[in-house]
Amino acid sequence: MSSATAPEPEPRPVRFGIMGCASIARKLARAMLLAAPTAAVAAVGSRSEGKARLFAADNGLPAATRLHGSYEALLDDPDVDAVYLPLPTSLHVRWAVAAAGRGKHVLLEKPTALCAADLDAILAACEENGVQFMDSTMWMHHPRTAKMRELLDDRSTIGDVRVINSLFSFRANEDFLQNDIRVKPDLDALGALGDAGWYCIRAILWAVDYSLPRNVVALRDPVKNQAGVLLACGATLYWADGKVATFHCSFLTNLTMDITVIGTNGTLHVTDFVIPYEEKSGPFSVASESNFAELHTGWVPQPSRHVVATELPQEALMIQEFCRLVQGIRDGGAGVERKWPAITRKTQVVMDAVKTSIDNGFQSVDVAS
């Protein structure tokens with residue numbers, strides 16, 4: 001008789017309920033299908049069952065996907081392990097807290113809240129109910145991000161990080177500027193700061209290994225719509241040790257997604273950090289120990305270009321990582337991973353400080369820990 005042990009069974013998939021049929025939910029529904037068998041779309045909840053049915057049909061969801069005509073019904077579904085929540089930011093507190101209270105793990109679209117106090121209510125509910133929280137900042141999960149982290153941590157390549165610059169803009173059309181939820185004060189009051197600025201702030205914090213700045217000063221003359229919602233803005237962040245970072249975000253200028261990290265020995269540059277130019281690869285460049293060529297006719301050495309390949313798009317990798325954490329809690333008795341809530345909260349408190357600086361005449365605002 002063979003003494004070989006039977007292979008470990010594959011973990012059961014994490015069964016997702018999608019709460020709301022926002023356009024970004026289409027991307028995440030596809031990511032869940034790509035992440036199979038780790039993930040499964042179990043249910044869709046909308047304000048009407050007809051809208052949920054149309055969403056399921058348009059996005060090729062399995063015939064067995066349950067369709068709910070209210071968010072409450074989705075949360076009452078016993079066969080949903082986790083909820084992906086892409087609702088307008090003003091609804092996040094209510095529904096994320098409700099999801100956690102029903103024992104559902106929470107994958108929350110960004111910006112996660114209108115302010116840190118609201119986010120704290122969400123995180124407290126997740127902690128109290130032992131459910132995993134993660135925000136859906138997808139680029140964090142691309143293998144390029146891990147590779148760039150390795151280079152930033154290599155002091156001989158980059159050295160001490162001293163300056164960071166980040167930009168995220170896209171030129172929205174007139175319909176967006178008039179009708180999108182991101183320009184409505186009652187739905188997403190943070191506007192471009194919450195939508196695009198979130199990525200810039202996260203990139204800056206990532207570059208400094210999540211060390212919070214001491215204070216921020218918003219850039220003057222932000223652009224607002226008639227309702228007072230930000231369409232373009234920026235800020236400068238200052239650290240006690242002299243590091244400085246600047247970001248700009250906008251709904252009004254050409255599609256741009258830059259991170260530049262400058263250290264004492266080298267510079268890291270990415271020009272598509274939010275969404276890579278191509279789904280299965282991510283480029284970046286590194287200049288290290290750069291100098292002028294003789295007669296200042298060029299650079300020596302020239303920057304090196306790197307391309308990191310991935311079989312799955314970054315959003316599917318995010319789903320896989322979230323599922324791994326949920327499976328550990330659900331099936332293995334593991335505790336929640338607190339790294340992701342902590343990173344989210346740091347992003348939120350910096351964003352809060354920028355908004356306060358804008359509202360207070362561009363005065364310096366200390367960043368709360």
Side-chain angles (χ1 to χ4, degrees), residues 11-12 14-17 19 28 31 35 38-39 75 80-86 89 92-143 145-146 148-150 152-153 194 198-199 201-213 239 314-353 367-369:
R12 290 183 294 118
V14 172
R15 301 166 298 178
F16 278 91
M19 182 180 283
L28 267 290
T38 306
L75 295 184
V80 167
D81 299 311
V83 169
Y84 166 59
L85 205 159
T89 311
H92 284 188
V93 176
R94 176 184 176 185
W95 291 109
V97 168
R102 308 288 180 88
K104 314 298 187 186
H105 304 273
V106 176
L107 179 62
L108 185 60
E109 196 50 64
K110 38 62 52 191
T112 50
L114 294 173
C115 63
D118 286 354
L119 176 61
D120 285 344
I122 295 170
L123 297 183
C126 291
E127 181 72 21
E128 289 165 8
N129 291 282
V131 299
Q132 185 63 49
F133 173 91
M134 182 185 285
D135 73 51
S136 63
T137 309
M138 302 170 196
W139 72 269
M140 302 293 298
H141 303 272
H142 196 293
T145 305
M148 293 190 300
R149 177 81 263 160
E150 289 178 17
L152 286 179
D153 290 341
W198 176 276
Y199 291 104
I201 293 168
R202 174 63 61 83
I204 290 167
L205 292 175
W206 167 82
V208 298
D209 205 18
Y210 305 105
S211 167
L212 283 172
W239 281 258
Q314 58 189 13
E315 59 270 20
L317 295 174
M318 176 184 72
I319 293 292
Q320 286 189 336
E321 173 61 11
F322 183 74
C323 289
R324 183 186 70 81
L325 297 174
V326 170
Q327 287 169 333
I329 297 166
R330 184 193 65 188
D331 305 333
V336 298
E337 171 60 76
R338 293 185 174 88
K339 174 183 79 171
W340 294 111
I343 292 171
T344 299
R345 192 176 191 282
K346 288 184 175 184
T347 310
Q348 185 79 46
V349 299
V350 173
M351 191 167 66
D352 281 13
V367 176
S369 61

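Among all heavy-atom pairs drawn from Ala353 and Val367, the shortest one is CB-CG2, 4.1 Å. Minimum interatomic distance between Ile329 and Gly335 (heavy atoms only, all atoms of both residues): CG1-O, 3.7 Å. Minimum interatomic distance between Ala121 and Val97 (heavy atoms only, all atoms of both residues): O-CG2, 3.8 Å. Pairing each heavy atom of Ala96 with each of Ile122, the nearest pair is CB-CG2, 3.8 Å. Between Leu205 and Pro213, the shortest heavy-atom contact is CD2-CD, 4.1 Å. The shortest non-hydrogen separation linking Val80 to Gly17 is CG1-N, 3.6 Å.
Met134 is not listed as a side-chain neighbour of Val326, based on a closest heavy-atom distance of 4.5 Å or more. Between Val336 and Phe133, the closest side-chain pair of non-hydrogen atoms is not below 4.5 Å. The side-chain heavy atoms of His142 and Leu317, taken from C-beta on, include no pair separated by under 4.5 Å. Taking the side chain as every heavy atom from C-beta outward, Thr38 and Arg324 never approach each other to under 4.5 Å. Looking only at side-chain heavy atoms (C-beta outward), Val83 and Trp95 stay at 4.5 Å or farther from each other. Between Asn129 and Arg102, every side-chain heavy-atom pair lies at or beyond the 4.5 Å cut-off. The closest side-chain heavy-atom distance from Met19 to Lys104 is not below 4.5 Å.
Here the side chain of Arg149 pairs a donor or acceptor atom with the backbone of Trp206 at under 3.5 angstrom. Remark: side-chain polar atoms of His105 are not paired, donor with acceptor, to backbone N or O of Phe322 under 3.5 angstrom. Counting only distance, with no hydrogens or angles, the side chain of Gln348 and the backbone of Ala113 share a donor-acceptor pair below 3.5 Å. For Arg330 (side chain) and Arg12 (main-chain N/O), a donor-acceptor pair under 3.5 Å exists by modelled atom type. Looking at Thr89, its side chain never comes within 3.5 Å of a backbone N or O of Leu114 through a donor-acceptor pair. Without hydrogens or angle criteria, Gln132 side chain to Glu337 main chain gives a donor-acceptor distance under 3.5 Å. The closest donor-acceptor contact from the side chain of Lys110 to the backbone of Asp135 lies at 3.5 Å or more, if one exists at all. Side-chain N or O atoms of Thr344 include one that pairs as donor or acceptor with a backbone N or O of Trp340 at under 3.5 Å.
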Please walk me through it: do Leu119 and Val349 pass side-chain contact (heavy atoms from CB on, under 4.5 Å)? CA-CA 10 Å; Leu119 176 61; Val349 299; over 6 Å; no

For Asp120 and Arg345, run side-chain contact (heavy atoms from CB on, under 4.5 Å): C-alpha distance rounded to whole Å, both residues' side-chain angles, the deciding distance at 0.1 Å, then the answer. CA-CA 8 Å; Asp120 285 344; Arg345 192 176 191 282; 2.6 Å; yes

Going through the distances and angles, do Tyr84 and Ile319 end up as a side-chain contact (heavy atoms from CB on, under 4.5 Å)? CA-CA 10 Å; Tyr84 166 59; Ile319 293 292; over 6 Å; no

Quick one: do Glu321 and Met318 satisfy side-chain contact (heavy atoms from CB on, under 4.5 Å)? Show the steps, please. CA-CA 5 Å; Glu321 173 61 11; Met318 176 184 72; 5.9 Å; no

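Atom CD of residue Gln314 and atom CE of residue Met140 lie 11.0 Å apart, to the nearest 0.5 angstrom. Trp198 CH2 to Thr347 OG1: the interatomic distance, rounded to the nearest 0.5 Å, is 5.0 Å. From Leu325, atom CG reaches atom CD of Gln320 across 12.0 Å, with rounding to the nearest 0.5 Å. Interatomic distance, Leu212 CG to Ile204 CD1, rounded to the nearest 0.5 Å: 12.0 Å. A distance of 9.0 Å separates CD1 of Ile201 from CG of Asp352, quoted to the nearest 0.5 Å. Atom CE of Met148 and atom OG1 of Thr145 lie 4.5 Å apart (nearest 0.5 Å).
Val208 meets the side-chain contact (heavy atoms from CB on, under 4.5 Å) test with Val161, Ile164, Ser211, Trp239, Lys243; sequence neighbours excluded.
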